[in-house]
Amino acid sequence: MVVVGLFVIVGVFIWRFPPVRIITRTHAAAQAAARAFDAGRFVTEFWTNQLLPACNRAADVHALVELLRTNPPEAEKKYARKFGLGQKWYFFVCGQAKVLSVDGGEILLCVDGDGKPEVKVECGPVFGNTVRDGCGLLDVSQFPNSQDFNMISLEINRRIEAEVLPRLASNMPGAVVKFAGCTEIDPSEPELLPLKVIPVWVEP
Amino acid sequence: MCLSTLTGVMVVYLLGCKKSDTGTDSGRKAPEQKPRIAVVISTLNNPWFVVLAETAKARAEELGYAATIFDSQNDTAKEAAHFENIIAGGYKAILFNPTDANSSIANVRKAKNAGIPVFCIDREINATDAAVSQILSDNYTGAMLIGQYFVKVVGTNAKYAELLGLVGDNNTWNRSRGFHSVVDRYPALKMVAQQSADFDRAKALQVMEAILQAHPDLDAVFCGNDAMAMGAYQALVAAGKDKQVKVFGFDGAEDVIRLIAEGKIMATGMQFPRTMARMAAEFAHEYMQGRRDYPQKVPVPVELVTQENVHKFVPYGRKDEVSQSAPKPNAAN
């Protein structure tokens with residue numbers, strides 16, 4: 001009687017607190033997917049809620065170009081961001097420019113009316129973290145796994161290639177455009193201009 | 001008389017005792033114990049990590065600590081045992097190069113709960129609330145730069161293989177994904193093999209031999225670290241294909257920098273183990289002096305080393321990297 005009672009107690013205990021749980025592979029995969037970082041979804045929300053509204057607060061590209069010509073350390077002090085121990089300067093800029101030329105590889109823009117290109121936009125694939133690190137809106141320390149942080153760049157770059165570059169490239173030479181974007185420069189290079197900008201917003 | 005004699009003996013005895021005690025204090029004073037710092041490294045079976053470990057140890061000693069290096073031999077069980085011993089041994093801080101981004105979290109938490117600050121170097125853990133700070137190479141961007149150079153020198157119509165590092169390490173995937181963020185954009189650039197060689201030179205040699213058997217028409221190989229690049233290069237030399245297959249590494253280790261200068265290896269990504277190790281030791285020192293405001297992650301740039309610019313570099317760093325003290329991280333990050 002006592003033995004039967006013990007079996008019942010042990011049985012109930014194991015039923016309530018099973019030492020092993022068996023789940024299907026499909027269920028395990030679904031759980032892992034639910035936990036996984038969705039970079040596409042993150043960037044969709046980031047783009048609309050943070051990046052585009054921040055374009056209005058970006059540095060004036062004309063003012064930055066003038067400072068880079070006359071006083072680069074002041075340009076760094078006033079407008080630059082840096083990433084970790086890196087020495088490169090990142091800028092988030094906006095402004096108006098005249099399209100000087102559009103060919104397959106690049107678009108040249110003039111921001112000060114002198115007819116010379118101060119901004120260059122490459123039309124091919126967008127690589128790297130210029131926008132992620134240059135906009136100043138994302139902090140690597142908020143991401144436990146740096147792979148997630150890197151996937152954000154990939155998604156941002158895809159979006160720029162699909163939506164922003166074709167819009168800019170559709171303008172003819174002589175057209176006046178408004179734009180916002182990010183750029184990085186190596187201050188040890190002898191020539192700091194033209195700025196190689198990756199646009200995130202263009203009008204028209 | 002008797003009482004006064006006894007009193008006199010007692011006074012002499014007490015004076016004697018006092019003198020004796022004083023003598024012991026001044027003559028045989030125990031040496032003051034230096035606070036201890038542990039340097040826990042994923043493996044010392046790779047010269048790059050030896051540089052990382054020894055620089056961290058040397059900088060900690062310069063700052064007035066007794067430092068000991070622990071080798072985890074890429075084994076999470078060994079790493080856990082080291083942490084148990086370190087906690088029991090009364091160490092004041094841990095400079096930590098984790099073996100596994102997920103499995104190593106528990107060790108860091110154990111140390112944190114025991115009041116021992118942990119500073120990760122080079123490799124991260126997938127948690128932002130365990131280590132005091134993590135000083136990490138920007139592997140993704142470094143591998144992206146290699147990817148761009150790879151396309152430039154190999155072309156957009158070629159066959160290549162990839163040797164991955166430890167599959168549990170985030171650096172493995174950050175490098176692989178950084179590289180693929182570029183090369184995958186060129187459909188005629190075909191990856192015919194992708195295998196792990198655990199960041200190990202001997203394993204890379206074996207893996208590369210097997211890949212060459214299956215794909216004798218290979219054009220290039222991207223290796224997730226320089227030890228594997230050396231193993232792959234060794235296999236290519238043995239097979240007589242070292243002129244046919246272009247080798248790309250990652251780290252900036254001595255052998256590879258020499259072979260790039262000799263025109264035998266195409267490129268690598270220069271990490272800065274000395275900078276990272278010095279900074280971790282300095283962070284630990286500042287922590288013990290009361291500092292608490294650390295960035296959780298400090299990314300350290302990786303620079304592309306090619307046959308064109310190799311003259312600017314030495315093994316494990318730049319020629320102009322002369323500062324003995326680590327640079328301060330930028331406040332924004």
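Just so it is clear: chains get the letters A, B, ... in the order the sequence lines come, proteins before strands, and each one is counted from 1.
The OG1 atom of B:T141 sits 7.0 Å away from atom CG of A:D133, with the distance rounded to the nearest 0.5 Å.
Using a 3.5 Å distance cut-off with no hydrogens or angles, the side chains of A:Q147 and B:N170 do pair a donor with an acceptor.
Annotation for A:F127 and B:S181: closest pair CE2-O, 3.3 Å, computed over non-hydrogen atoms.
Environment of CD in A:E45: crowded, with over 12 heavy atoms of neighbouring residues, nucleotides or ligands closer than 6.0 Å. Enclosure of atom CZ in B:R292 by more than 12 non-hydrogen atoms of other residues, nucleotides or ligands within 6.0 angstrom is indicated. Counting non-hydrogen atoms of neighbouring residues, nucleotides and ligands closer than 6.0 angstrom, the CZ atom of A:R167 reaches no more than 12 such neighbours.
For B:Q134, no part lies near chain A; criterion is any non-hydrogen pair under 4.5 Å. Contacts of A:F149 with chain B are absent, with no heavy-atom separation under 4.5 Å from either backbone or side chain. Neither the backbone nor the side chain of B:L145 comes within less than 4.5 Å of any heavy atom in chain A. Proximity to chain A (any heavy atom under 4.5 Å) is shown, for B:Y294, by neither the backbone nor the side chain. Neither the backbone nor the side chain of B:D129 comes within contact range of chain A; no heavy atoms are under 4.5 Å apart. Proximity to chain A is absent for every atom of B:A101, based on heavy atoms less than 4.5 angstrom apart.
Distance alone, capped at 3.5 Å, is enough to place a donor-acceptor pair between the A:S141 side chain and the B:K297 backbone. Judged by distance alone, the side chain of B:E124 and the main-chain N or O of A:S146 form a donor-acceptor pair under 3.5 Å.
Contact tally against chain A (heavy-atom pairs below 4.5 Å) for B:V182, B:I125, B:D138: the top residue is B:V182. Chain A forms more heavy-atom pairs under 4.5 Å with one residue of B:N139, B:I135, B:N102, B:N126 than with any other, namely B:N126. Between chain A and the options B:T128, B:V300, B:L136, B:N174, the largest number of non-hydrogen pairs under 4.5 Å is found for B:N174.
Side chains of A:N129 and B:M144 form no contact here, defined as non-hydrogen atoms less than 4.5 Å apart.
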Practice task
Show your reasoning for whether side chain to side chain contact (heavy atoms under 4.5 Å, CB included) applies to B:W173 and A:N150.
Solution key: CA-CA 10 Å; B:W173 297 110; A:N150 292 327; over 6 Å; no

Practice task
Dump the intermediate steps for side chain to side chain contact (heavy atoms under 4.5 Å, CB included) on B:M279 and A:L85, then the final yes or no.
Solution key: CA-CA 11 Å; B:M279 177 172 273; A:L85 292 189; 3.5 Å; yes

Exercise for the section: List the steps, then state whether side chain to side chain contact (heavy atoms under 4.5 Å, CB included) holds for A:M151 with B:Y140. Expected result: CA-CA 10 Å; A:M151 287 306 104; B:Y140 183 87; 4.2 Å; yes

